[in-house]
Amino acid sequence: MKNIILILILFWMGHHTVNAQRLMQGKKGIELSMGRTWGENFLPNPFYMQAGISITKKKGNYLLGAFDYSHRKYAFEEVEIPVESFAAEGSYNLYVLGDWTRTVSLYVGLGAVAGYEIVNESKKMLPTGAVILNENRYMYGGALRLSLETYLGNRLVLLVHGKTRYLMGTTLERFRPAAGMGIRFIF
């Protein structure tokens with residue numbers, strides 16, 4: 001009986017020691033996520049994929065540098081017009097709320113975005129004879145991100161996040177909201 005109690009106490013102490021090491025300054029992680037974008041006149045299944053690197057700073061805050069690909073289709077009469085975006089994003093994410101072990105945390109991120117947008121695979125004419133006035137363009141702007149994060153293990157984090165971007169330089173909509181899920185592996 002004493003051995004069982006001793007093993008349980010050691011397991012309990014080891015568990016709390018590991019939790020204390022989670023958000024150490026300087027830790028790096030690889031983040032992969034995907035989700036859905038919203039907007040006017042989108043046909044079903046607009047999506048984005050994102051890959052990034054995070055670096056933990058003081059008090060559990062972190063920097064995120066990411067590359068993003070999004071694909072959406074617009075409806076015009078009976079034709080689908082594809083739009084693809086390639087973007088780089090850099091943001092600083094602040095810890096806002098969470099439990100005392102920070103196993104579940106809420107973060108707010110503010111950042112900058114720059115990228116390139118391709119409309120209808122660079123083709124100006126539609127099969128109906130209509131001409132597309134929107135152009136391929138470089139875009140830039142700001143990003144706001146709200147992220148709920150929970151540790152699945154000592155090195156694996158599950159992310160559920162919503163984000164919006166305000167982009168200038170584009171001939172399409174400027175506000176681009178999105179929501180998705182992802183994972184982060186900390187090394």
Side-chain angles (χ1 to χ4, degrees), residues 8-39 42 46-72 85-117 139-170 173-187:
L8 289 174
I9 290 172
L10 289 174
F11 177 75
W12 181 75
M13 287 174 46
H15 176 69
H16 288 297
T17 303
V18 171
N19 284 344
Q21 302 299 317
R22 283 189 175 162
L23 296 172
M24 288 176 44
Q25 186 174 351
K27 287 284 194 179
K28 295 176 179 70
I30 297 174
E31 181 176 313
L32 300 171
S33 63
M34 60 186 319
R36 187 181 193 297
T37 58
W38 279 272
F42 282 3
F47 70 93
Y48 75 91
M49 294 183 292
Q50 185 175 21
I53 295 178
S54 65
I55 301 171
T56 306
K57 295 295 181 184
K58 291 181 180 178
K59 299 181 183 177
N61 302 332
Y62 63 90
L63 289 171
L64 177 66
F67 292 101
D68 186 295
Y69 168 78
S70 70
H71 181 82
R72 9 186 236 294
S85 299
F86 301 89
E89 179 179 341
S91 65
Y92 190 80
N93 296 272
L94 296 168
Y95 171 78
V96 176
L97 188 65
D99 65 348
W100 66 277
T101 62
R102 293 212 184 168
T103 302
V104 178
S105 302
L106 182 68
Y107 286 88
V108 172
L110 188 61
V113 180
Y116 192 73
E117 175 172 78
M139 55 189 182
Y140 56 93
L144 181 66
R145 173 179 160 139
L146 185 65
S147 178
L148 182 65
E149 305 178 4
T150 183
Y151 276 84
L152 299 176
N154 291 327
R155 296 185 179 268
L156 192 63
V157 181
L158 176 67
L159 313 164
V160 177
H161 54 83
K163 62 182 181 177
T164 188
R165 293 177 172 171
Y166 181 76
L167 298 172
M168 294 171 278
T170 180
E173 73 276 344
R174 290 185 179 223
F175 280 104
R176 300 200 181 164
M181 292 182 67
I183 58 169
R184 181 182 305 133
F185 179 75
I186 299 170
F187 55 93

Problem set entry | For Leu110, side-chain contact (heavy atoms from CB on, under 4.5 Å) partners two or more places apart | Leu144

Seminar exercise, completed: Heavy atoms of Ser70 and Tyr48 approach each other most closely as CB-CB, 3.8 Å

Problem set entry | Results of ring-ring contact (aromatic ring centres under 6.0 Å, His included) for Tyr151 - residues two or more places apart only | none

For this session: Look up atom OG in Ser54 and atom CD1 in Ile30, then write down how far apart they are to the nearest 0.5 Å.
Result: 9.0 Å

Exercise. For Tyr69, which residues count as a ring-ring contact (aromatic ring centres under 6.0 Å, His included) partner, sequence neighbours excluded?
Worked result: Phe86

For this session: Over all heavy atoms of both residues, which pair between Gly109 and Asn93 is shortest? Give the atoms and the distance, please.
Result: CA-OD1, 3.2 Å

Seminar exercise, completed: The side chain to side chain donor-acceptor pair (under 3.5 Å) partners of Thr56 (sequence neighbours excluded) come to none

For this session: Could I get the full list of side-chain contact (heavy atoms from CB on, under 4.5 Å) partners for Ile55, not counting sequence neighbours?
Result: Lys28, Lys57

Exercise. Considering residues, nucleotides and ligands other than Phe185, do more than 12 of their heavy atoms fall under 6.0 Å from its CZ?
Worked result: yes

For this session: Keeping to residues at least two apart or across chains, list the salt bridge (Lys or Arg N to Asp or Glu O under 4.0 Å) pairs with something in residues 177-187.
Result: Glu31-Arg184, Glu149-Arg184

Problem set entry | Closest contact, heavy atoms only, Val113 versus Ala143 | CG2-CB, 3.6 Å

Seminar exercise, completed: With sequence neighbours left out, the residues meeting ring-ring contact (aromatic ring centres under 6.0 Å, His included) with Tyr62 are Tyr107

Problem set entry | With sequence neighbours excluded, residues passing side-chain contact (heavy atoms from CB on, under 4.5 Å) with Leu32 | Ala51

Exercise. Which residues pass the ring-ring contact (aromatic ring centres under 6.0 Å, His included) test with Tyr116, sequence neighbours left out?
Worked result: Tyr138

Exercise. Does Tyr166 have any side chain to side chain donor-acceptor pair (under 3.5 Å) partners at least two apart in sequence or in another chain, and if so, which?
Worked result: Arg174

Exercise. Does the side chain of Met139 reach to within under 4.5 Å of the side chain of Arg165, using non-hydrogen atoms?
Worked result: no

For this session: Quick one: closest heavy-atom pair of Trp38 and Ala179, and the distance?
Result: CZ3-N, 3.3 Å

Exercise. If you round to the nearest 0.5 Å, how far is CD1 of Ile183 from CE of Met34?
Worked result: 12.0 Å

Problem set entry | Gap separating the CG atom of Leu146 from the CG atom of Leu106, nearest 0.5 angstrom | 5.0 Å

Problem set entry | Beyond-backbone contact of Leu64 with Glu89, side-chain heavy atoms, under 4.5 angstrom | no

Exercise. Would the number of heavy atoms belonging to other residues, nucleotides or ligands and lying under 6.0 Å from CD1 of Ile53 be above 12?
Worked result: no

Exercise. Is there a side-chain contact between Pro46 and His71, using heavy atoms and a 4.5 Å cut-off?
Worked result: no

For this session: Only pairs at least two apart or in different chains count here, so list each salt bridge (Lys or Arg N to Asp or Glu O under 4.0 Å) that has a residue in residues 150-164.
Result: Asp68-Lys163

For this session: Using the test salt bridge (charged side-chain N to carboxylate O under 4.0 Å, His left out), find all partners of Glu117 that sit at least two apart in sequence or belong to another chain.
Result: Arg72, Arg176

For this session: Please name the pair of heavy atoms, one in Phe187 and one in Lys27, separated by the smallest distance, quoted to 0.1 Å.
Result: O-CD, 3.9 Å

Problem set entry | Sidechain-backbone polar pair: Thr37 side chain, Ala178 backbone, donor-acceptor under 3.5 Å | no

For this session: Measure the CG-CG distance between Leu148 and Leu97 for me, rounded to the nearest 0.5 Å.
Result: 9.5 Å

